[in-house]
There are 2 protein chains.
Amino acid sequence: MPTPPKPLLQRQTVTAMVAEYIAAKIIGGDYPGGHQIRQEAIAAELGVSRIPVREALLQLEAEGLVVIRTHRGAVVSDLSADDAIDLFDARLLLEPFLVKKAIARLSNQDIANVERALRDYEAAIVRGDPKELSRLNWAFHTALLEPSMRPRSMAVLQTLYSSADRYLRLQIEPLKAQTKALQEHRDIFEAYRLRDAVETSRLLKKHVADAAEEIVSQLKRGEAAG
Amino acid sequence: MPTPPKPLLQRQTVTAMVAEYIAAKIIGGDYPGGHQIRQEAIAAELGVSRIPVREALLQLEAEGLVVIRTHRGAVVSDLSADDAIDLFDARLLLEPFLVKKAIARLSNQDIANVERALRDYEAAIVRGDPKELSRLNWAFHTALLEPSMRPRSMAVLQTLYSSADRYLRLQIEPLKAQTKALQEHRDIFEAYRLRDAVETSRLLKKHVADAAEEIVSQLKRGEAAG
DNA sequence: TGTCGCAGGATCGTATCCAATATTTCATTC
DNA sequence: GAATGAAATATTGGATACGATCCTGCGACA
C-alpha cells in the first residue's frame, strides 16, 4: 500500500484522478475543515463532468475526508479533539496488535522493505520535503504492518489515518518533532529487525500515543481559542 | 444506529434505496459471494437509471460488501477464513475497549436502551424471525457501545460487522446457537447494568470470540470441501 | 419589529445518450 | 487441433440535459 504495486501501464479512471485531486487539496489544507465542495466548481476546474466528481466524493466520504448530506453537498469533515482521541485510540489498539502478527511471519524481504521505507523517510527530512513527509511516515507504518497479512484491518487503519492526516501535518512541521519521530522510527525498526515482538509493539504504541497526545492538545488549544 | 433516528418524513434518495436493495440481496444470500452484479440488470429490475446503481455500488464497496474493478464491474465479495479471522480480531480489540468507555459514562437512559434492544432480540427468537435476528443482534451490540460516544470507531465496527454479517446467518440458524447467544446477551447486560466494566468486557470478548470461532471453522470446512 | 410566505437562483439528484474498455466469437494460420 | 488475431457484442465510464430540492432575499401581514 505504500504505492500501489507498479502501475506499469497506468490507465487511471477520471473518478480516481478527481478523488486524488480533492484529497490532495484537503490534506494540503487548501480546503479547510467545514469547506463546502461544489461539484460544478470542481468539474469546471478539471474540465470534466459532475458525475466523476460525485463518485469521487462518495469515495472520500468512505475515507472520512468529507461528509455528504442529501441535496446539500459535500463538506470537508472537521476534526474535534474528541474525534482525534477516537481515531487514535483505535489505532493504538490495532497497530500494536498487527505488528506482533507481522513479526510472527516476517521474511527478510519484509525487513528490507521496512528499511527502505525508513531510509526514504530520513531522506525526506534531510532534504526538508514536508509535502512528502506525511506520506512517507505512513508508508513506514504500513510497511511495518504489511507482513501481518491482514488486508481488512489495514484498510481500516488507512481510513483512520487519512482522517487525521492533515492535522498531523501541523505537528510534523517543527524540526524538533521530526528528529524525535525519526529516532522513534529507528528504534522501532531495530526491535523489528530483531523480531522482538513485545518490544516493537511497546515502542510503536508509545510512538503513536505521543503523536496522539500532541495532536489532541493542539486541537484543544484551537477549540478553546476559536 | 439501530435505526436512523426517526425518518419522520422519509424522503430517501434513489441511490440509498438501491443500496439497501442490493445489500439485502447480498445479506440474504440471493447474491452469493463471487456473484457478478450487472448495473443494467439492477437498473431495469428497479426501473431506475444506472447512475444511482453505480453510486449505490460505490457505497457498498466502502462497506466491504462488494469489490469493484475498473471496467469490470462489481462482484459480491467473498470471505475467506483468513478474512474472517482478520475481521473478528479487529472486533475483538475494539468492542471490549468501547464497552469499557461506554460504561464509564453510562446513563440510565442508555441502560434502558440496551434493555429494549435485548427484549427485541428475545422477541425475534420467540417468534422465530431469522430475517430480523441478525439485525437485532447487531442492534444490541451497538446499543451497548453507543454511550462510548466514539462515532469513528463505531463506523469502523459497522463495516467490520457488515462484511461478515451474511456468514453469521448460517451460524445463527440452529436453535441451540440462538439460545446460547441469548443467554450470553443476558449475562452481558446484567454486568453492564451493574456498571461492571471489567466483567462486561470479559463476557463481550468471549461472546464475540465464540462467534468468530464458529464462523471460521465453518468457513474452513467449506474451503476444504469446495 | 419580527415572523411568515413566496419568488428566483443555486445546487444537487437522476435520466438519457455517447465513448471507452473488456469479453466473446470466429476465422485464420501453423 | 491449438494458438493467434480481429471483428462483434456486452458492459462499464463519462458527458449532457432535465427535474427536484434547498437556500436566500424581499415583501406582506400581524
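Computed from a prediction, not measured in an experiment: that's the story for all the values here. Worth knowing before you read on, the calculation uses all heavy atoms, side chains too, and leaves out hydrogens, waters and symmetry mates. Proteins come first, then strands; the chains are lettered A, B, ... in the order of their sequence lines, and each starts at number 1.
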- prompt: Under 4.0 Å between a side-chain N/O of B:Thr70 and OP1 or OP2 of C:dT21, yes or no?
  reply: no

query: What integer distance in Å separates B:Leu58:CG from C:dG13:P?
result: 14 Å

- prompt: So, A:Asp30 and A:His35: side-chain donor and acceptor under 3.5 Å apart, yes or no?
  reply: no

- prompt: What is the distance from CZ of A:Arg69 to C1' of C:dG13, rounded to the nearest Å?
  reply: 16 Å

message: Whole angstroms only, please: what is the CZ-C1' distance between A:Arg50 and C:dG13?
response: 8 Å

field: Pair A:Asn137, A:Ser134: side-chain N/O donor-acceptor within cut-off below 3.5 Å
entry: no

Test log, rule salt bridge (Lys or Arg N to Asp or Glu O under 4.0 Å), inputs B:Glu223 and B:Lys220: CA-CA 5 Å; B:Glu223 287 174 12; B:Lys220 276 188 178 159; over 6 Å; no

task: Nearest whole angstrom, please: distance from the P of C:dA15 to the CD1 of A:Ile51.
output: 11 Å

task: Report the distance from atom CD of B:Glu40 to atom C1' of C:dC17, rounded to the nearest whole Å.
output: 12 Å

query: In whole angstrom, what separates A:Glu55's CD from C:dC12's P?
result: 15 Å

message: For the residue pair A:Asp110 / A:Ser107, report whether a side-chain donor-acceptor contact shorter than 3.5 Å exists.
response: yes

message: Checking the side chain of A:Tyr31 only, and the main-chain atoms of A:Val76 only, is there a donor and an acceptor separated by less than 3.5 Å?
response: no

query: So which nucleotide from C:dA15, C:dG13, C:dT14 ends up closest to the side chain of B:Val14?
result: C:dT14

query: OP1 or OP2 of C:dA10 sitting under 4.0 Å from any side-chain N/O of A:Gln39?
result: no

query: In whole angstroms, how far is the P atom of C:dA15 from the CE atom of B:Met17?
result: 10 Å

- request: Let me know, please, whether A:His71 or A:Gly47 comes out on the 5' side of the other along DNA chain D by nearest nucleotide.
  value: A:Gly47

task: Could you check whether B:Ile37 gets within reach of a base, just the sugar-phosphate, or nothing at all, counting any heavy atom under 4.0 Å?
output: sugar-phosphate

- prompt: Is there a donor in the side chain of A:Ser162 and an acceptor in the side chain of A:Asp165, or the other way round, less than 3.5 Å apart?
  reply: no

Sugar-phosphate only, base, or nothing, as touched by A:Arg38 at under 4.0 Å among non-hydrogen atoms: sugar-phosphate

- prompt: Counting just side-chain N and O atoms, does A:Arg54 come under 4.0 Å of either OP1 or OP2 of C:dG13?
  reply: yes

- line: chain A vs DNA chain D, heavy-atom contacts under 4.0 Å, first-to-last nucleotide span, 5' to 3', is D:dG13 to D:dC23

- request: On the 0 to 90° scale, with breaks at 30° and 60°, tag the B:His185-B:His207 ring pair as parallel, tilted or perpendicular.
  value: perpendicular

